[in-house]
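Taking it in order: structure first as structure tokens, then the write-up.
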Amino acid sequence: MTDAATPAAAVLSTRGLSKTFGALQVARGIDLDLARSARLGLIGPNGAGKTTLVNLLTGFTEPDAGTITLDGERIDRLSGDERVRRGLVRTHQLNTLLVEETARENIAVAIAEREGLGWRMLRYGARWRACVAEADERLAEVGLADVAGHRVSELPYGRQRLLEIGIALAMRPRVLLLDEPAAGVPSGEAHAIHDMIDRLPPDVAVLMIEHDMEIVFRFAREIIVLVQGAILTRGTPAQIARDPQVRSVYLGRSVA
Amino acid sequence: MTHLTILLDGLAYGMVLFIISVGLTVTMGLMRVVNLAHGAFAMIGGYAASVLVASGFPFAAAAALAVIGVALVGAVAELTIYRPLYRKGELPQSLMTFGFTFVVIATLTTLFGTGMRTLPIPAALDGLVDLGFRAYPLYRLFLIAVGLALFGLLWVAVDGTLIGARLRAAVDNPRMSQAVGVNVNLLFTLTFAAGCALAAFGAVVGAQLLPLDPYYALRYLVLFLVVVGVGGLGNFKGSFVAAIVLGIVETSCKYLVPSLAPYIFYSLVLALLLWKPAGLMPARSAR
Amino acid sequence: MTASAVHGAPRARPAAAPMLSPGRVVLHAIPWLLVIAAYVALPDYLTLGTNVLIMILFALSLEIALGYAGIVSLGHAAFYGVGAYAAGICAIHFTNEPLLGLLFATAVAAVFGLITGALILHTQGMTLMMLTLAVAALIAEAANQAHALTGGDDGLQLPALKPLLGLFKFDLWGHTAYLYAGAVLLVWFLLSWRIVRSPFGRSVNGIRQNPRRMRAIGAPVWRRLVAAYGLSAAMAGTAGALSAQATGSVGISSLSLLTSGTVLMVLVLGGMRRLYGAFVGAVVYVVVQDLAAELDPFRWMFVIGGLLMASVLFFENGLMSIVDIVGRARASRKSPPACGPDRGPAPKVTP
């Protein structure tokens, strides 16, 4: 069963998504459907527009044309934080954490936001403590329980990366966009990331940008290849690996 | 007051703003350090020239000495105060330069008193010119000419020469620039000194329009920042446009609707900065 | 670029709000006991003391905007002045009941803060900084122009105020004014304490450090910043109103850049992300000011300017960072880190 969902069943869909920066067209009419339990890998050479696509989906960048639908609702007019509140969550290629705060605080604040506590100024004691308790659970789930009370700036990069993903998961997303989760992680710490990716909740639709082919082929049930802002081809990992077009553009002759 | 007179007055005022502010767009825009002491450097120049003229120096000599003096002060300040700040971030830079401004004001008033200082314009430039519709002060035409000349000079120097390219490169990537042989430290010191010198020059020639009083550095600081901000940090062409536009608006309001002048001026500034937060013409090498 | 990443000791404020231990209660009580002690022990210096209390409140307001929300507000005197003038106008035209005047002034300042904040907080970095200056300049010019309402250059003289709560007359020696200021400060302090640790306060603190991260968790960044700015403006307005009511007059200098610079210095000197930093900075400021009482405004600028420069060079984290150093020394002796808000940073961990 592939993730090429029928549009009706897709949790996230785009039609004709396009964006031009000056003379450079970074997205050309992208049509995408992400099913409820999707594991979609997005690959392509550098500068193909992968992160741009994620930016368009999250609202960081405004498209020139096209629509984005989340669970049947048009979201391309909504602001970034409104999309997040509807369950569209991303991680960043470079860690984007509150480095002065503890790991626990980072997650607790995200949970508080999820619970709608962000405007509470005076009456919050019990509910905040609940957020902190849940934060500790989440940290345990991603293997960061031992550093819960440590400042993020003191954590090694790989563990910070785990935290970045952990925060995203703590938000109970419907759709999770992972932007190169293993990027910059030294090989000694990468296994934790791999494990985390293996254990992503089955009911979350996950789109992952990655350059590490090992991770992509291990994770994805479907792969989309993006070249110069347009989708070159899509298919199962096996199909993609065999596709001569993809090989010549991107994979090279090293993949058997 | 005919509209043309207001226009010319506004233009002259704008030119003074431009001459003073262009140094600030360089420090804040290209060197990317918050410099709230720019008005203080201008003030030092104005005060120095005023004191020299009062002691009997001819205008041109006093102006030259004042400008050179401020250039030296600027260079020393860059080496001692500003250099450690480059890496520190906006808040420490704001605080340090804000404090430095207060110190400069206090020093100048201690040395030269708390009254207003006059800087009489040279006799050669005093007087009226017959422009057909009326007789117009020669000095203001002189200011307009100086402003245009400076603009032209900068156009050639910054856009056209190696110095401009080196400066832009040094700001964008200091280490790389150093690697290819650009003496980044020297470049920064010289550029900063030049910016201060221009500020001093503007204060000296513009003393008739921006009177020299103890609060000069603070009162006009907002004005200079606004010109630079509206024009676009780091872009002297933007500063030129912004200075002219704001100069004309300010002057027109003062003549036509004096009680509403500050409201209109600041509302316009707010509107422009909200419409284009990076300025009307952001520098090409903007972050 | 915000003020966040570069100033102030990064202090990990752990998520769990600990129960206050008896030791901590005593520590917290000390500044307030000192406030009362000063009232009893230094009856001749009550006017000075009231100035300290007002300055503490003013510095606290800036701490919310700058220390926690990361908004580099170089024109915060605008809100202080608005509060002062509002209190004056209220006493002259509406009612000379002090508490009503205080509430009115606080509300007016809050509205100014919310409106100007809503306008300018879409921007950041140098542009935002310039806009805070432009707004302050606009308000100062407006006050200067509106003679009929503000007295222009001459300022306002308040009529004698009704007794506080109907019971405590404002006497010449400043007894009532001192306790009044102290009580108002206590109320705002407790509110600030609560708000800073609340989810709202933590989200604003997060926005200062990394707006992108906060957006990524769905926080409406601009709205939160505007709220924090409005709150800060309200506090500054209260401080201004207290000043007007305690001294009986309002001057145009309350809106000046010098006033903005002064409160900035007080905050930076004391420490930007510790609520008690405002206490330390204000005491230092007022004591220095009193010692330098014969100095004219220009010599005074020398002191303020020098202190600002010195604080950047030497006291980057404020005098309160001494608490950090002590805290770290204690933490290295005991095993579980004594973590709590306003305590030192979490201990270093070798990865």
Side-chain angles (χ1 to χ4, degrees), chain B residues 28-29 32 34 36-37 40 81 84-85 87-110 113-114 214-215 217-219 221-226 228-230 233 258-263 265-267 269-271 273-274 276-279 287, chain C residues 1-8 66 70 72 74-75 116 119-120 122-131 133-142 144-146 256-258 260-262 264-265 267-268 272 295-313 316:
Chain B
M28 280 184 65
R32 289 194 196 132
V34 177
L36 300 179
I81 299 176
L85 286 180
R87 254 167 283 120
K88 283 205 178 171
E90 271 155 27
L91 184 59
Q93 291 166 2
S94 308
L95 295 172
M96 186 67 130
T97 53
F98 209 31
F100 183 57
T101 304
F102 286 158
V103 168
V104 166
I105 293 179
T107 310
L108 288 175
T109 50
T110 307
T114 61
Y215 287 103
L218 287 175
R219 173 176 311 136
L221 172 65
V222 184
L223 209 50
F224 305 146
L225 283 175
V226 153
V228 163
V230 166
L233 291 169
S259 56
L260 293 178
Y263 301 110
F265 180 79
Y266 285 112
S267 305
V269 167
L270 254 105
L273 277 176
L274 290 173
K276 298 230 172 209
R287 236 184 305 188
Chain C
M1 192 175 161
T2 63
S4 65
V6 292
H7 195 97
L66 178 58
V72 184
L74 293 179
T116 57
L119 278 175
I120 71 179
H122 288 291
T123 64
Q124 52 203 14
M126 289 189 195
T127 311
L128 176 57
M129 202 182 67
M130 278 187 248
L131 283 170
L133 277 177
V135 164
L138 174 57
I139 293 177
E141 285 277 356
N144 216 345
Q145 290 271 341
S256 69
L257 267 178
L258 183 57
S260 289
T262 304
L264 208 50
M265 179 211 65
L267 184 62
V268 171
M272 267 211 311
L295 292 185
D296 59 54
F298 296 107
R299 297 283 173 85
W300 181 230
M301 273 195 189
F302 202 93
V303 175
I304 302 250
L307 281 173
L308 266 172
M309 293 177 78
S311 64
V312 172
L313 286 173
E316 256 200 78

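As a basis for the values below, the full set of heavy atoms in this structure was taken, side chains included, without hydrogen atoms, waters or symmetry mates. What you are looking at is a predicted structure, and each value in this text was computed from that prediction instead of being measured. Chain A is the first sequence line, chain B the second, and so forth, proteins listed ahead of strands; every chain is numbered from 1.
Evaluated for a side-chain contact (heavy atoms from CB on, under 4.5 Å) with C/M130, the options B/V34, B/V269, B/L233 yield exactly one hit, B/L233.
With a 4.5 angstrom heavy-atom cutoff, B/L108 does not touch chain C via any of its atoms. Only the side chain of B/L274 comes within contact range of chain C, with at least one heavy atom under 4.5 Å from a heavy atom of that chain. Residue B/L36 touches chain C through its side chain alone, counting heavy-atom pairs closer than 4.5 Å. For C/L128, no part sits under 4.5 Å from any heavy atom of chain B, backbone or side chain. For a residue to count as touching a neighbouring chain, one of its non-hydrogen atoms must lie under 4.5 Å from one of that chain's; by this rule B/S259 touches chain C with backbone and side chain alike. Using a 4.5 Å cut-off between heavy atoms, C/M129 touches chain B through its side chain atoms alone.
In this structure, the side chains of B/Y263 and C/Q145 come closer than 4.5 Å at one or more pairs of heavy atoms. Annotation: side chain of B/F102 is in contact with side chain of C/L258 (closest heavy-atom distance under 4.5 Å). Looking only at side-chain heavy atoms (C-beta outward), B/L91 and C/V268 stay at 4.5 Å or farther from each other. Contact of the B/M96 side chain with the C/L313 side chain is registered, since non-hydrogen atoms from C-beta on lie closer than 4.5 Å. Using a 4.5 Å heavy-atom cutoff, the side chains of C/M309 and B/L95 are not in contact. For the pair C/M301/B/Y215, a side-chain contact is recorded, criterion being any heavy-atom separation below 4.5 Å from C-beta on.
The candidate with the highest count of non-hydrogen atom pairs below 4.5 Å against chain B, out of C/I304, C/L119, C/T123, is C/L119. For the set C/N144, C/L138, C/L264, C/T127, the count of heavy-atom pairs under 4.5 angstrom toward chain B peaks at C/L138. Contact count against chain C (heavy-atom pairs under 4.5 Å) is highest for B/T109 among B/T101, B/T109, B/T110. Contact count versus chain B (heavy atoms, under 4.5 Å) is highest, among C/A140, C/A134, C/A146, for C/A134.
C/V312 and B/P92 get closest at one heavy-atom pair: CG2-O, 3.7 Å. Contact detail for C/G305 and B/V103: the closest heavy-atom pair is C-CG2, 3.7 Å.
Rounded to the nearest 0.5 angstrom, C/L131 CG and B/Y266 OH are separated by 12.0 Å. Rounded to the nearest 0.5 angstrom, C/M126 CE and B/E90 CD are separated by 5.5 Å.
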Next on the checklist: What verdict does the side chain to side chain contact (heavy atoms under 4.5 Å, CB included) test give for C/F302 and B/I105, after you've listed the backbone C-alpha separation in whole Å, the side-chain angles of each residue and the deciding distance to 0.1 Å?
Outcome noted: CA-CA 8 Å; C/F302 202 93; B/I105 293 179; over 6 Å; no
